[in-house]
Amino acid sequence: MSTLKAVRGTRDLLPPETELWNFVEETARRVFARYNFGEIRTPIFEDTQLFARGVGEETDIVSKEMYTWEDRARAQSEKAQSLTLRPENTAGVVRAYIEHKLGETGLLQKLYYIGPQFRRERPQKGRYRQFWQIGAEAIGPPSAGSESPLRDAEVLEMLATFLNELGITGWRLEINSVGSATDRPRYVAALREALAPMKHLMCEDNQRRAETNPLRVLDSKDANDQEIIEKLPKIADYLDDASKAHFAAVLAALDACGVKYEVNPRLVRGLDYYTRTTFEFTHGGLGAQNALLGGGRYDGLSEAIGGPKAPGIGFAMGEDRLILTLQSQASWGQQIADEAANTVAKGPHAYIAPMSLEVAPNALELAQKLRGEEFRIEVGEPGLKIRRHFEFAEKLHAKSIVFVGENEVFGKTYSMKPLGSRANIVWNFTDFSKFVSALRGTNRNLVSGP
Ligand code: AMP
């Protein structure tokens with residue numbers, strides 16, 4: 001029988017690397033909390049219609065990349081429902097906002113999420129079919145200030161703070177405005193007109209986009225088409241006064257906070273519901289897939305999926321790419337790798353060696369007590385020869401070995417030996433708290449006697 005493997009485009013995350021993932025997630029939670037964001041968890045699968053309407057039928061995500069299936073109908077009279085593994089999380093968050101009538105609070109809802117997303121893309125470095133996103137949305141009724149450029153700037157400043165606090169250096173923020181729902185149709189019409197006489201010169205994908213979603217031609221990476229793309233009309237010339245003022249206010253607030261950016265007039269993003277501000281953070285250490293995160297304003301999304309008017313701004317970061325970037329940075333890598341190594345690779349604080357089967361319950365009881373004191377404990381197989389216990393303890397990189405035998409159980413004593421020390425002495429304690437202090441001491445590499 002052939003051996004089974006993780007499906008193409010998916011992968012296992014193993015310790016100690018998972019420590020890095022936890023570090024990234026904890027940093028996100030800590031930073032986002034300071035901006036008064038709370039966590040939301042939405043289902044991994046949703047009604048296919050949510051993405052068709054919320055992301056847009058003609059986007060690559062919906063037209064080519066979704067994992068969709070017909071759920072089995074439970075009764076003959078029932079119609080099978082089409083379900084989809086979420087390819088992104090904004091649509092799910094906005095659906096939850098509508099479903100739970102969060103807008104009726106009259107407050108801006110600031111929600112963040114951390115979780116896997118699924119897209120059937122061609123796998124390569126930094127691009128997977130199951131990948132993780134850390135994202136956030138600030139959404140609410142206009143009366144709660146949800147349209148304000150202050151929100152855009154606050155979210156961007158939060159991202160800059162997050163990346164800096166994570167230790168990612170050398171990121172670049174590109175920003176643009178794609179205008180309001182009324183600016184965009186005028187611009188799209190101008191694009192169509194400009195593309196009409198030239199599109200036959202472009203690659204097949206761009207020819208199709210020129211028909212279905214001309215905005216997407218702008219973010220095409222096709223090298224041969226760049227010359228044509230350069231000459232296309234710029235969105236900045238089609239913004240009305242309100243959109244121009246909005247964009248200027250976002251940039252002024254970024255300047256005030258010292259967040260560096262570059263305006264990129266071709267940054268349009270692939271999703272249909274984006275209005276006004278769009279942005280992307282990139283990093284040179286990532287290679288071809290250089291986008292760390294993308295986001296923007298989506299003032300029309302709630303209405304597009306049947307909800308009330310609820311403008312919002314949000315972003316999604318590729319957690320896989322944050323990790324890759326951190327790993328590519330030597331200075332950071334060393335610091336966190338050392339920390340991770342201390343907790344996982346360097347093994348438990350103590351290895352408990354139960355000397356016989358009879359004392360196994362006592363060994364577990366002692367492990368429970370020590371874990372209660374925050375020690376990381378491994379319990380060995382009861383009754384192994386002492387030499388084997390030492391072998392396991394060393395293989396696990398335990399800092400000390402604790403013996404539990406009849407002497408210890410009946411005499412109510414504790415015996416331990418620091419590992420890695422040359423002194424071949426076993427320390428005995430009658431007092432639990434002194435024993436604990438000695439164990440702590442071995443964790444600080446103190447090897448002098450108690
Ligand atoms: P998007 O939802 O397409 O705007 O993507 C937001 C961010 O998610 C991107 O900037 C990437 O960092 C990350 N991302 C998107 N697709 C993938 C993928 N297939 N694998 C890994 N990360 C991804």
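Hydrogens, waters and symmetry mates play no part in the numbers below; they use all other heavy atoms, side chains included. Everything quoted here is computed from the prediction, not taken from an experiment.
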With a 6.0 Å cut-off on ring centres, are Phe32 and Tyr112 close enough?
yes
Is the shortest side-chain N to carboxylate O distance from [X] to [Y] below 4.0 Å?
X: Arg53; Y: Asp47; value: no
X: Arg34; Y: Glu165; value: yes
X: Arg371; Y: Glu373; value: no
X: Glu154; Y: Arg151; value: yes
X: Arg216; Y: Asp205; value: no
X: Arg129; Y: Glu65; value: no
X: Arg172; Y: Glu280; value: no
X: Glu211; Y: Lys199; value: yes
X: Arg41; Y: Glu39; value: yes

Could you go step by step and tell me if Thr10 and Arg8 meet the side chain to side chain contact (heavy atoms under 4.5 Å, CB included) rule?
CA-CA 6 Å; Thr10 73; Arg8 184 168 139 82; over 6 Å; no
Show your working on side chain to side chain contact (heavy atoms under 4.5 Å, CB included) between Gln133 and Glu319 and close with a plain yes or no.
CA-CA 5 Å; Gln133 282 186 337; Glu319 193 178 354; over 6 Å; no
Heavy-atom donor-acceptor pair, [X] side chain to [Y] backbone, under 3.5 Å:
X: Gln289; Y: Gln124; result: no
X: Thr278; Y: Gly296; result: no
X: His283; Y: Gly285; result: yes
X: His349; Y: Phe375; result: no
X: Tyr238; Y: Ala236; result: no
X: Ser302; Y: Pro308; result: yes
X: Ser243; Y: Gly179; result: no
X: Arg297; Y: Thr275; result: no
X: Ser146; Y: Ile139; result: no
X: Glu88; Y: Ala91; result: yes

Do you know the tightest heavy-atom contact between [X] and [Y]?
X: Asp152; Y: His246; result: OD2-CE1, 3.5 Å
X: Tyr187; Y: Pro233; result: OH-O, 2.8 Å
X: Ile61; Y: Met66; result: O-CG, 3.1 Å
X: Arg119; Y: Phe131; result: NE-CZ, 3.6 Å
X: Ala153; Y: Leu254; result: O-CD2, 4.0 Å
X: Ala398; Y: Leu419; result: O-CD1, 3.4 Å

Strictly by modelled atom types, are [X] and [Y] linked by a side-chain donor-acceptor pair under 3.5 Å?
X: Ser177; Y: Thr277; value: no
X: Tyr298; Y: Glu137; value: yes
X: Glu157; Y: Thr161; value: yes
X: Asp225; Y: Ser220; value: no
X: Asn89; Y: Thr42; value: yes
X: Asp299; Y: Tyr274; value: no

Looking at [X], I'd like to know if its [atom1] atom is crowded, meaning that more than 12 non-hydrogen atoms belonging to other residues, nucleotides or ligands lie closer than 6.0 Å.
X: Glu193; atom1: CD; result: no
X: Glu99; atom1: CD; result: yes
X: Asp237; atom1: CG; result: yes
X: Tyr67; atom1: OH; result: yes
X: Gln368; atom1: CD; result: no
X: Phe392; atom1: CZ; result: no
X: Glu227; atom1: CD; result: no

The test is side chain to side chain donor-acceptor pair (under 3.5 Å); show your working for Thr105 and Gln109 and say whether it passes.
CA-CA 9 Å; Thr105 59; Gln109 301 295 307; 3.0 Å; yes
Cation-pi check, Arg276 to Phe247: give yes when NZ or CZ is under 6.0 Å from the six-membered ring centre and within 45° of the ring axis, no otherwise.
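The answer is no; the distance or angle limit is not met.
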Please lay out, stage by stage, how Trp21 and Glu25 fare under the test side chain to side chain donor-acceptor pair (under 3.5 Å).
CA-CA 6 Å; Trp21 289 73; Glu25 289 166 20; over 6 Å; no
Before you tell me yes or no, could you show the steps for Lys64 and Glu121 under salt bridge (charged side-chain N to carboxylate O under 4.0 Å, His left out), namely the whole-Å CA-CA distance, both residues' side-chain angles and the distance that decides it to 0.1 Å?
CA-CA 8 Å; Lys64 298 198 276 211; Glu121 293 192 87; over 6 Å; no
How many angstroms lie between atom [atom1] of [X] and atom [atom2] of [Y], to the nearest 0.5 angstrom?
X: Phe51; Y: Leu85; atom1: CZ; atom2: CG; result: 8.5 Å
X: Thr27; Y: Leu166; atom1: OG1; atom2: CG; result: 5.0 Å
X: Asn224; Y: Leu201; atom1: CG; atom2: CG; result: 11.0 Å
X: Leu173; Y: Thr282; atom1: CG; atom2: OG1; result: 8.5 Å
X: Gln226; Y: Lys231; atom1: CD; atom2: NZ; result: 12.0 Å
X: Leu324; Y: Asn290; atom1: CG; atom2: CG; result: 12.5 Å

Dump the intermediate steps for side chain to side chain contact (heavy atoms under 4.5 Å, CB included) on Leu215 and Val178, then the final yes or no.
CA-CA 9 Å; Leu215 276 178; Val178 292; 5.6 Å; no
Could you tell me whether the side chain of Trp132 reaches within less than 4.5 Å of the side chain of Pro116, counting heavy atoms only?
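Yes, close enough: below the 4.5 Å cut-off.
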Any side-chain heavy atom of Phe162 sitting closer than 4.5 Å to one from Arg30?
no
Applying the side-chain hydrogen bond (donor to acceptor under 3.5 Å, both in side chains) test to Arg209, which of Thr212, Asn213, Asn206 qualifies?
Asn206
Kindly indicate, with the supporting measurements, whether the criterion side chain to side chain contact (heavy atoms under 4.5 Å, CB included) is fulfilled by Val94 and Thr90.
CA-CA 6 Å; Val94 176; Thr90 301; 4.3 Å; yes
